[in-house]
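Per chain, numbering begins at 1; letters A, B, ... match sequence-line order. Heavy atoms only: backbone and side chains are in, while hydrogens, waters and symmetry mates are out.
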Amino acid sequence: TVRVRFAPSPTGYLHLGGARTALFNWLFARKHGGVFILRIEDTDIHRSSQAMVQGILEGLHWLGLDPDEGPFLQSSFVEQHRAAARRLVKEGKAYYDFTPKEQTDDKTVKERIADRARAQEQAGRESNPYRDLPLDEALRRVESGEPAAIRLKVGARGVSRFDDLVYGPQERDYSEIEDLVLIRTDGHPLYNLGVVVDDIEMRITHVIRGQDHLTNTHKQVLLYEALGEPVPQFAHLPLIMAPGREKLSKRKHGEVVSVTTYRNRGFVPDALVNFLALLGWSPGADQEIMSRQELIEKFSLEAVNKSSAVFNFSETDSREWTDPKALWMNGEYLKALPIDELVPLVAGHLKEAGLWRDDYETDKREWLAQTVDLLRARYRTTVDFAQMGRPYFADDFEYEPAAVKKNLKDEKLKDLLRELADRLSAVDDFTHDNSEAALRTYSEERGVKAGLLINGARTALTGQSVGPSMFDIMVTLGRERTVERLRRAVELVGK
RNA sequence: GCCGCUAUGGUGUAAGUGGUUAACACGCCGCCCUCUCAAGGCGGAGAGUACGGGUUCGAGUCCCGUUAGCGGUACCA
């Protein structure tokens, strides 16, 4: 049976790349009736904390990607890692390296690697002197307390091969693979050892992860072979880049990369999942809006793309704070969601903005549902209801200067709005049709275009120049508030 | 430096085993809806498939080279 895992390092929050990796693992597991495991790679102790683990858990939960097993902490398996390394030494497949640990200088990692490579090329790469030290001598030195790292013995000649489910056949000559360190001098197990031992222990069948691990996979294949264990299937996923095809990072790009942001800014989890699924994968047809169930049915690793995808957002235009297509898609979900599912999502934001009233759960429950339904066609996130939608839920709201200038410019509106308010206050059954009839009758009597009154009223009632049909707005606000706001707006005319 | 991966409009993608004027979505622009719009309807612009060779009757699709981007190369993960 299929067993997959998502193995993030706990860097504080779930980022989009991680979320996409988790999603593809989850989809694959669900599709094949398999098991989705969460393992936190927290071996780098300085960079890990419980709070960070919590952040990842919350992100996954919000997305609806709860693990079937776990979370497991890699740090709790270090003894197994050490035991595996010692076993390899005993079997002659790894060795103790007594070379003193190199001093780190102030150069960047990249520079140091390049320097070392160039130096090696000039001097010719010589074999590690400790590689063939007799085992009993090595053990004696270790027992006497001499510090040593453990390295894997990589064959002198040969080629490592594996078949990636996304990138196809991969090969790498042994000469390009150094004897990798398994255990540091201080006894700390390193990443490549840890993943392999844990994946064996958890009986992982398919390793689905970012393409940044592609070339290092050869090292892991070597480890599986040394440990005498079957090699799992590998599937590497194309990376998600920032605009300009640069690396997407929290440091540079801020909170757009954090899943939490999408929750706070009014995304529907399913919409983000749907969008993420399409980053690097396509069902091959024109359909883009897909339910979770459809995603599961259509998903396959073979259809995953090889080229990295650009996550397209603007750092200057706040309307496009994230990928416009993601925003569009969220809008589609807003429109399609059953109103009973949408209202609770909106309620959260209304509460946050201090716009919540207790009777929204009792007497005004139906009114709330209707209002949300009225507004959702033109909103893209659920926070829009509390922000752009404020005039519908509160009496204190801003009049947009541009709207006032556009719709309340005509001095005639001073009288018109006042009298319109009077007329409307006399309408007993304040329905869409009745309020419209009252307004149109009045505009005819006064010989002005209905549009002047309608547009003026829209701005008078909402402070905005755009919104739903004017008479729907009136009905939603009710007669009293409509009349009151029309009168209040008289003083804005001409401003 | 070395090794690897990738390359279709601004972005995400499509185009079974090479075969008519490269398709869809987002975004953009325009028109319509005379009650607005960031909503809806309709339409349009935008790539000849990174570049250069080659194979072929025919190449986005196969081969070679170049370039660019990204990744790896670590006693980081």
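For the residue pair A:Y191 / A:N216, no side-chain donor-acceptor distance below 3.5 Å is found, with atom types taken as modelled. Side-chain contact of A:T431 with A:D433: a donor-acceptor pair under 3.5 Å is absent, judged by distance alone. With no hydrogens or angles considered, no side-chain donor-acceptor pair links A:Y262 and A:N330 at under 3.5 Å. Between A:D42 and A:Q74, the side chains place no donor N or O within less than 3.5 Å of an acceptor N or O (distance only, hydrogens not considered).
Atom P of nucleotide B:A74 and atom CG of A:D179 are separated by 11 Å, given to the nearest angstrom. Rounded to whole Å, atom P of B:G72 lies 14 Å from atom NE2 of A:H218. Here B:A77 presents its C1' atom at 11 Å from CG of A:D42, a figure rounded to the nearest Å. Remark: P of B:U73 and OH of A:Y191 are 10 Å apart, rounded to the nearest angstrom. Here the P atom of nucleotide B:G71 and the CD atom of A:E246 are 10 Å apart, to the nearest Å. In this structure, A:D173 places its CG atom 17 Å from P of B:C2, rounding to the nearest Å. A:L375 has its CG atom 18 Å from the P atom of B:C37, to the nearest Å. Per the geometry, CZ belonging to A:R319 stands 13 Å off C1' belonging to B:C28, to the nearest Å.
Summarising the geometry of A:L38 relative to A:L57, their closest heavy-atom pair is CD2-CD1, 3.2 Å, with the distance given to 0.1 Å. The minimum heavy-atom distance between A:A149 and A:V181, with the atom names listed, is CB-CG1, 4.3 Å. Nearest heavy atom pair, residue A:L248 against residue A:H253, reads CA-ND1, 3.8 Å. Here the shortest heavy-atom pairing between A:S160 and A:L222 reads CB-CD1, 4.2 Å. The two atoms that bring A:M329 and A:F275 nearest to each other are SD-N, 3.5 Å, heavy atoms only.
The shortest distance between the side-chain N/O atoms of A:R116 and the OP1/OP2 oxygens of B:U73 is not below 4.0 Å. The side chain of A:R378 contributes no N or O atom lying less than 4.0 Å from OP1 or OP2 of B:U36. Within the 4.0 Å cut-off from OP1 or OP2 of B:G40, at least one side-chain nitrogen or oxygen of A:K335 is found.
Within the structure, side chain to side chain donor-acceptor pair (under 3.5 Å) contacts touching residues 470-479 of chain A (residues at least two apart or in different chains) do not occur. Residue pairs meeting the side chain to side chain donor-acceptor pair (under 3.5 Å) criterion with at least one member in residues 462-471 of chain A, sequence neighbours excluded, do not occur.
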Whether each nucleotide of nucleotides 7-26 of chain B has a protein heavy atom under 4.0 Å at its base (B), only at its sugar-phosphate (S) or at neither (-) is summarised, 5' to 3', as S---SBSS---------SBS
Walk along nucleotides 45-51 of chain B from 5' to 3' and tag each nucleotide B, S or - by protein heavy-atom contact under 4.0 Å, base first, then sugar-phosphate. -------
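Look at A:R319 and A:D317 and you find no salt bridge, because none of the NZ, NE, NH1 or NH2 atoms lies under 4.0 Å from a carboxylate O. The pair A:E445-A:R423 counts as a salt bridge, with a side-chain nitrogen and a carboxylate oxygen less than 4.0 angstrom apart.
The stretch residues 430-447 of chain A touches RNA chain B through A:R440, each having a heavy atom under 4.0 angstrom from the strand.
Within the cation-pi definition used here (under 6.0 Å to the ring centroid, within 45° of the axis), A:R265 does not qualify as a partner of A:F267.
Ranked by how close their nearest RNA chain B nucleotide is to the 5' end, A:R458 and A:A149 are led by A:R458.
Side-chain proximity of A:L190 to B:G71, B:C75, B:C5: nearest is B:C75. Of the candidate nucleotides B:C35, B:G71, B:U73, B:U73 has the atom lying nearest to any side-chain atom of A:N216. For A:N455, the side-chain atoms get nearest to B:U36 when compared with the rest of B:U36, B:C76, B:G72. Across B:G1, B:U36, B:C75, the shortest atom-to-atom separation from the side chain of A:V466 is found for B:U36. Set against B:C3, B:G71, B:U73, the side chain of A:K247 has B:G71 as its closest nucleotide.
Anti is the conformation of B:G9, whose glycosidic angle sits further than 90° from 0.
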Tell me, what's RNA chain B's dot-bracket, Watson-Crick or G-U with both distances under 3.5 Å, | for other-strand, [ ] crossing? (((((((..((((.....[...)))).(((((.......))))).....(((((..]....))))))))))))....
Does A:T382 form a side chain to side chain contact (heavy atoms under 4.5 Å, CB included) with A:L342? I'd like the steps, not just the answer. CA-CA 8 Å; A:T382 50; A:L342 180 57; 4.0 Å; yes
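For the pair A:H213 and B:A77, the ring geometry qualifies as stacking, because the centroid separation is below 5.5 Å while the planes lie within an angle under 30°.
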